[in-house]
Undergrad: 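Take a look at the following structure, please.
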Amino acid sequence: MSLPPREPPPSADASLSLRFDDADRNLLARAFRTPSDGPLAWRLNGEAHRISLVDGFDRLLAWPSLRGVARYEHQERAVFRILREMHGRGILADEVGLGKTIEAGLVLKEYAIRGLVRRALILTPAALTGQWREEMGEKFSLPFAVLHSVRDWDRRPLLIASMDTAKREPHRRAAQSRPWDLVIVDEAHRLKNRLSLNWRFVAGLSKKYMLLLTATPVQNDMDELFNLVSLLTPGQLHTYDRFLERYVASADRRVPTHVSELRGRLRDVMVRNRRGIAFTLPPRRVHSLAVRLSAAERHLYDDVTQFVRDAYWSSSGRLPWTARLTLTVLQREIGSSTFAVAETLRRLAQSPLFGPDDRDRLDGLRQDAVAIASNVKASRLRAFMESFNEKVLIFTQYRRTLEYLRGALEADGHRVAAYHGGLSPGAKDEAVRTFQAGADVFLSTEAGGEGRNLQFARTVVNYDLPWNPLRIEQRIGRVHRLGQEREVHVVNVWAEDTVEAYLIELLDRKIHMFELVVGELDLILGNLEARRPFEDLMMDIWVLRQAEERRAALRRLGESLVQARSQYERIKERNDDVLGDVSEAVPT
């Protein structure tokens, strides 16, 4: 049976209509085919044929196949503009927090459903590869793989790669020698310099469609805007010399001119949704639960810290990477709970990483940890929970801390849904359902800080603080995201005179991190002069032997963070000055 072609709707642009050949039609039919015959199979095949006859992008076909993706008007507008007006080559420049990743995923899914994209590459900072894979898999049912081997370029049609890895040989040659239907570049402001290896690598890729994602297309000067647009459509902003003559008003290339005309040209290649005057997301309220460790906990914390400092500055010379990492983990665990650190102390007391004297010392620390039956932080949390009658997400970094808290909270009568990396996918889904249906506590390790939408709750408790601030932000992002309609509460539990106290000083009091929109912190940290992981910066300060040295180093890092936030604010203002209303503001 053949179905007659459907008349295009009056709003469809005939010049942009999309025609399907027999190969596309057969592909869609196979995608909807079931293993058995019968009425269901017949209806699904009929639906496949009907979809194959759609003339142009008059509606989005992806919605029925998505999971956990809410529909927002500004995102649909952005996707339609990319598909209809920009023919799949555009800059998604929404302000932070408005869902550029979802918009990119929708564009990709629309093309995939229509058979127009079979090979796609996502380029992203290394720290975000896993997050992109989860988003594409869980929300869009797109089985992306993260690049691990040069062979992946051949055997993985849907591939996610860190920019730093992909741009270097032998990956560079492999990536550029293969055709890509769609290339997505996250944090595309890293392509601001056309002489850089990043820019030249992306320019050298063979791609039909391309999406560049960045909340800040202009970071320093107008050259950066020209370089981004030239990757998509060379000539859109004229030649470089003509661009400078027409649109740049100052010698330092920071001040634009003929702004209305420039924005008109940018509308052909850029979507920029803005939050407007009334903020899209509700505010955050930050609460601090500071505690003073018990005498036994204080003694153990100080002894573990002293061991870490002694081992770190061992006279045997620079520690190997594995030993440095081990010491960092040990210091982080003692900040979480005595239960988290006890097992690590036991293993290290038997490890060849340390000599006999150190192993004896570690075993003594283990015995001290095992002798502590309860922690003051947990007592403080339990008291807080007694006066609280809403659903709460409680995050910890360590399974042993999680199990301790689970027992303590359940003993108080709380219904706890536990979530950690050791659970099967089905068990993880069940934990979320249990929390949504009736449990009042979602107790999770970092595994729950990625990919899950939990905005039916609004309170996040950081029982311990990761030294990587982006992990803290991921936790908060489970509830403080599009779709959240209530004020969000962030509760930080921390002990005085610990590394966590340093973190509170830097993140809360210096840059007011807990009041930022999810996504802004990453842009701020990117402005730090020290191009090292934040955890390393914290460890370098903490292991200094003299208290005055530590305070001075902390003060310098705090000043750097304040400067980085100020620079980010200037960048936001610059983008508003240049881009303005490239797209209409998001209704609020």
Side-chain angles (χ1 to χ4, degrees), residues 1-9 12-35 40-67 69 75-76 78-90 92 101-123 132-133 135-145 152-160 175 178-185 205-211 232:
M1 182 182 78
S2 62
L3 299 176
R6 187 167 62 113
E7 290 295 323
D13 185 342
S15 66
L16 300 177
S17 63
L18 177 66
R19 304 292 178 180
F20 287 81
D21 58 21
D22 288 339
D24 291 320
R25 193 169 294 113
N26 290 336
L27 176 74
L28 284 162
R30 288 198 303 274
F32 282 89
R33 188 174 298 140
T34 61
L40 178 59
W42 181 261
R43 287 198 302 273
L44 289 175
N45 273 284
E47 177 69 4
H49 282 288
R50 189 191 63 74
I51 289 175
S52 73
L53 296 171
V54 171
D55 275 328
F57 297 97
D58 63 299
R59 67 187 181 91
L60 299 182
L61 306 178
W63 286 116
S65 65
L66 305 188
R67 293 185 298 174
V69 180
Q75 292 177 337
E76 288 201 350
V79 172
F80 275 126
R81 285 196 62 205
I82 293 290
L83 296 173
R84 292 172 173 171
E85 301 172 23
M86 302 179 193
H87 310 291
R89 299 178 72 90
L92 292 172
T101 303
I102 296 298
E103 292 167 0
L106 276 169
V107 171
L108 171 55
K109 189 71 173 182
E110 290 297 322
Y111 279 139
I113 286 174
R114 292 166 166 84
L116 296 174
V117 167
R118 295 177 175 87
R119 287 179 52 80
L121 172 64
I122 298 175
L123 296 168
W132 268 94
R133 181 183 58 78
E135 290 268 305
M136 294 299 103
E138 293 181 5
K139 292 182 171 61
F140 297 94
S141 300
L142 293 168
F144 275 85
D152 289 338
W153 296 105
D154 277 327
R155 61 189 183 188
R156 304 290 191 180
L158 300 178
L159 192 60
I160 298 170
R178 289 154 178 80
W180 299 97
D181 297 317
L182 172 63
V183 172
I184 298 173
V185 183
L205 292 170
S206 173
K207 64 266 184 191
K208 180 166 53 172
Y209 309 119
M210 182 163 66
L211 299 176
L232 288 167

Undergrad: Taking side chain to side chain contact (heavy atoms under 4.5 Å, CB included) as the test, write out the residues that go with Ser206, two or more places apart.
TA: Pro179

Undergrad: For Ala104, give me all partners under side chain to side chain contact (heavy atoms under 4.5 Å, CB included), at least two apart in sequence or on another chain.
TA: Leu92, Trp132, Ile184, Leu211, Leu213

Undergrad: Do Leu121 and Lys207 have side chains that approach each other closer than 4.5 Å (heavy atoms only, starting at C-beta)?
TA: no

Undergrad: Taking only residues two or more places apart in sequence or in another chain, which ones pass ring pair (Phe, Tyr, Trp, His ring centres under 6.0 Å) with Phe140?
TA: none

Undergrad: In the structure I gave you, are the side-chain heavy atoms of Leu61 and Arg114 within less than 4.5 Å of one another anywhere?
TA: yes

Undergrad: Between Lys109 and Ser65, which heavy-atom pair has the shortest distance, and what is it?
TA: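 Lys109 and Ser65 have their closest heavy atoms at CE-OG, 3.3 Å.
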
Undergrad: Could you check Leu66, Thr101, Ile82, Val69 and say which one makes a side chain to side chain contact (heavy atoms under 4.5 Å, CB included) with Leu106?
TA: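 By the side chain to side chain contact (heavy atoms under 4.5 Å, CB included) criterion, Leu106 pairs with just one of Leu66, Thr101, Ile82, Val69: Leu66.
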
Undergrad: Heavy atoms, side chains only, cut-off 4.5 Å: are Asp154 and Arg178 in contact?
TA: yes

Undergrad: Over 60° means perpendicular and under 30° means parallel, so tell me whether Phe57 and Tyr111 are parallel, tilted or perpendicular.
TA: perpendicular

Undergrad: How long is the straight-line distance from CG of Leu182 back to CZ of Arg118, given to the nearest 0.5 Å?
TA: 13.5 Å

Undergrad: In Å, rounded to the nearest 0.5 Å, how long is the span from CZ of Phe80 to CD of Gln75?
TA: 13.0 Å

Undergrad: Any donor and acceptor pair, going by atom type alone, linking the side chain of Lys208 with main-chain N or O of Gly88 inside 3.5 Å?
TA: no

Undergrad: Taking side chain to side chain donor-acceptor pair (under 3.5 Å) as the definition, give me every residue that meets it alongside Arg119, ordered by chain and number, with sequence neighbours left out.
TA: none

Undergrad: Which residues pass the side chain to side chain contact (heavy atoms under 4.5 Å, CB included) test with Phe144, sequence neighbours left out?
TA: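 If we apply the side chain to side chain contact (heavy atoms under 4.5 Å, CB included) test to Phe144, skipping adjacent residues, the hits are Leu108, Ala120, Ile122, Met136, Leu142, Leu158, Ile160.
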
Undergrad: Grab the two heavy atoms, one from Ser141 and one from Pro143, that are nearest each other, plus how far apart they are.
TA: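 Closest approach of Ser141 to Pro143, heavy atoms only: O-CD, 3.7 Å.
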
Undergrad: Assess whether side chain to side chain contact (heavy atoms under 4.5 Å, CB included) is satisfied between Leu83 and Val107, documenting all intermediate values.
TA: CA-CA 7 Å; Leu83 296 173; Val107 171; 4.1 Å; yes

Undergrad: Tell me every residue that passes salt bridge (charged side-chain N to carboxylate O under 4.0 Å, His left out) with Arg67, counting only those two or more places apart in sequence or in another chain.
TA: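 Result, salt bridge (charged side-chain N to carboxylate O under 4.0 Å, His left out) vs Arg67: none returned.
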
Undergrad: Which residues satisfy the side chain to side chain donor-acceptor pair (under 3.5 Å) test with Trp153, sequence neighbours excluded?
TA: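 Trp153 satisfies side chain to side chain donor-acceptor pair (under 3.5 Å) with His171 only.
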
